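Throughout, protein chains are lettered first and strands after them, A, B, ... in sequence-line order, and every chain is numbered starting at 1. Quick caveat, the model's predicted, so the values are computed rather than measured. FYI, side chains are in, hydrogens and waters are out, and symmetry mates aren't considered; it's all heavy atoms of this structure.
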There are 2 protein chains.
Amino acid sequence: MANETLESGAETIAMRVVGALRDEIVSMALKPGDVISESDIAARYGVSRQPVREAFIRLAQQGLLLIRPKRATVVKKISPTGVRQSRFIRESIEVEIIRRVAGQPGSDAAQVLGDLIAEQEQASSANDSRRFHALDELFHRTLARLAGVEYAWQLIDDHKIQLDRVRYLTLGVSSSQRAIAEHKQIAEAVAKADPELAEIAMRAHLARAETLLTQTIEDFPDFFE
Amino acid sequence: MANETLESGAETIAMRVVGALRDEIVSMALKPGDVISESDIAARYGVSRQPVREAFIRLAQQGLLLIRPKRATVVKKISPTGVRQSRFIRESIEVEIIRRVAGQPGSDAAQVLGDLIAEQEQASSANDSRRFHALDELFHRTLARLAGVEYAWQLIDDHKIQLDRVRYLTLGVSSSQRAIAEHKQIAEAVAKADPELAEIAMRAHLARAETLLTQTIEDFPDFFE
DNA sequence: GCTACAATTCTTGTATGGAAGATCTGCGGT
DNA sequence: ACCGCAGATCTTCCATACAAGAATTGTAGC
C-alpha cells in the first residue's frame, strides 16, 4: 500500500519498532511461524507495550504478521499463491511501464539505464551482493520514474517484501551475470525504441522469480503455507 | 494492501470504528481536509481513545487519513496524480487479466459475464444505482477470478477507494447505459476469444474514469491536493 | 491410563492518566 | 500598529493497570 502516511520529521518509538521488526522478519531472524507477543518485544527493545502494539498493527496490514485476537501474534508464513499473484501484478505493471519507456524515443532513457548497468557490473565484480541488489531495485524504480509512474513502484515495492523474504533464503546463489545480461537486453530494446522486444525481454527477466520460488518451497517447506 | 490480516471471528471495538470511519470518509460525511481528533471520535462513538487511535493508524496506512504527529489528524485530500497512477495500475492489471480470460477459449466465461450484464440491465431499469454499482464491481472481480488472480482484485479494490470518494461526489450522474454497452463489448470479445479486441475494449472502458476525475476536480477543487 | 473440569497463566483488547511537543492567545514592549 | 514572548490549550504519543477471552496445566474422579 502507498504509505509513509504520517508526515516525516518526528521519530516516534513506534516507527523505530516497525523498522526493526520489519528488518528482522525480512532477514529471517524472525522466521515464518514464529510466535511473538507484545510483552516479549517490548521487553526486548526496552519500551512499553503500547508502541509495540501499534507496530504490530502496521506490520499486520503489510502482511508480515498475523494477529490472532486474544490468542497470539505470529510471523506470517509465506503464501505461494500470494507471491505468484504479486508477481503477476508486478509483471502487468512493469510490462506497461517498459512499453511506455520504449515507446517514447528521443529521451535519455537508454543512457541512464546504461549507466546503472555499468554500476551493477562494478558491484558484481566486487562481489558486493548487497549493493548489487540495491542497484537492481534502482534499475526497476528508474524505469517507473521514466514512465512517470513512480508511485506505481511504491506499490510493487510493498508487495515485493514477501519475495524478498524468499530471496534472503537463497542469498548469494543469485547469478548476477545473468541478471545483468537481461538488464542489457531491456536497455537495448529501449535504445532501439522497440516496445515489443522490450516487453519480451522484461517478461523473461521477471519469469526467473518463479523458479526461485518453487526451488525455495522445496528447500524450506515449513516457511510456506 | 491485501488485508483482513487479523483472523475473523472476534469483533473488536477498533474494527467497528475502522468500518464506521471508512464509511464516513468514502461517503464524504467526513470531507477531505476535515480535522479530527482521537478525543472527538471517541466521544462521538462512546468509546475510549485507544481503539480510535488504532483505527486512525489503520486508516492512515490505507491512505484515508494523514496523521501529523503531535499536531492533528486530518482526512486526506485526494491526490490527482495518486488517482491517475492508481488508474494506471488498474489498467495494467485488468488488461493482463482480460487477455488471459479471452485467451482461454472453451470456458464458460462468456456465459457468466452475460448473466452479470443482464442483472445490470435490470438494476439500471429499476434505477437502483447502488445495486448497479455493486454489480459493476462484481463484473470486474469476476474477471479476476476467471483469470485465477482474485488476490489481484483485492489490490485494485484497496486503491479504488480513492476513486470511490470521487465517484460519490458525482452520484447518479453516471450514464449506466454506456457502461453496460462497454461491458457487452468486453464480454463479446471474450466470447470470440479475441484478446486484442478485449484489450481495446477494456482500455476504452477504463478510460472514462479520467474524464470523471478532471470534471470532479473542477467542481470540488478544495477536496484535492 | 483416560477423561472431565476447574484454576492458572498466557494472550490481546480497552481504559485512563500523564508527558512531550506544537499551535494559539493574549499581554507587554517598542 | 506591529512584533516578541510567555502561558494556556490543543494535539498525538507513551506508560500502566485492568478486563476478557483462549490455551495450558494440573487434578480429581473413574
Polar atoms only, N or O, under 3.5 Å: list the protein pairs with nucleotides 16-18 of chain C and their distances.
from, atom 1, to, atom 2, distance (Å)
C:dG17, O6, B:Arg49, NH2, 2.7
C:dG18, O6, B:Arg49, NH2, 3.2

Handout entry: Residue whose closest nucleotide on DNA chain C lies nearer the 5' end, B:Gly46 versus A:Ala72
Key =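 Final value for this comparison: A:Ala72.
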Please report the distance, rounded to the nearest Å, between [atom1] in [X] and [atom2] in [N].
X: A:Glu54; N: D:dA15; atom1: CD; atom2: P; result: 10 Å
X: B:Arg53; N: C:dT14; atom1: CZ; atom2: P; result: 15 Å
X: B:Ile13; N: C:dT12; atom1: CD1; atom2: P; result: 18 Å
X: B:Leu59; N: D:dT12; atom1: CG; atom2: C1'; result: 16 Å
X: A:Ile57; N: D:dC13; atom1: CD1; atom2: C1'; result: 14 Å
X: A:Glu38; N: D:dA15; atom1: CD; atom2: C1'; result: 13 Å
X: A:Ile67; N: D:dA22; atom1: CD1; atom2: P; result: 16 Å
X: B:Phe56; N: D:dT11; atom1: CZ; atom2: P; result: 10 Å

Exercise for the section: Apply ring pair (Phe, Tyr, Trp, His ring centres under 6.0 Å) to A:His205 and list each qualifying residue two or more places apart in sequence or on a separate chain. Expected result: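 Scan of A:His205 (ring pair (Phe, Tyr, Trp, His ring centres under 6.0 Å), adjacent residues dropped) gives A:His140, A:His183.
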For nucleotides 20-22 of chain C, list the nitrogen or oxygen atoms of the protein found under 3.5 Å from its nitrogen or oxygen atoms, one pair per line.
from, atom 1, to, atom 2, distance (Å)
C:dA22, O3', B:Arg71, NE, 3.4

Lys/Arg-Asp/Glu bridge criterion (N-O < 4.0 Å) met for [X], [Y]:
X: A:Glu24; Y: A:Arg44; result: yes
X: B:Glu225; Y: B:Lys76; result: no
X: B:Glu96; Y: A:Arg203; result: yes
X: A:Asp34; Y: A:Lys31; result: no
X: B:Glu182; Y: B:Arg208; result: yes

N/O donor-acceptor pair under 3.5 Å between [X] side chain and [Y] backbone:
X: A:Asp108; Y: A:Gln111; value: no
X: A:Gln85; Y: B:Ala152; value: yes
X: B:Ser124; Y: B:Gln120; value: no

Problem - Presence of B:Ser37 side-chain N/O under 4.0 Å of D:dC10 phosphate oxygens OP1/OP2 - result: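 Answer is no, no contact under 4.0 Å.
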Exercise for the section: Identify which nucleotide among D:dA15, C:dA15, C:dT11 has an atom closest to any side-chain atom of A:Val47, counting heavy atoms from C-beta outward. Expected result: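 Looking only at side-chain atoms, A:Val47 lies closest to D:dA15.
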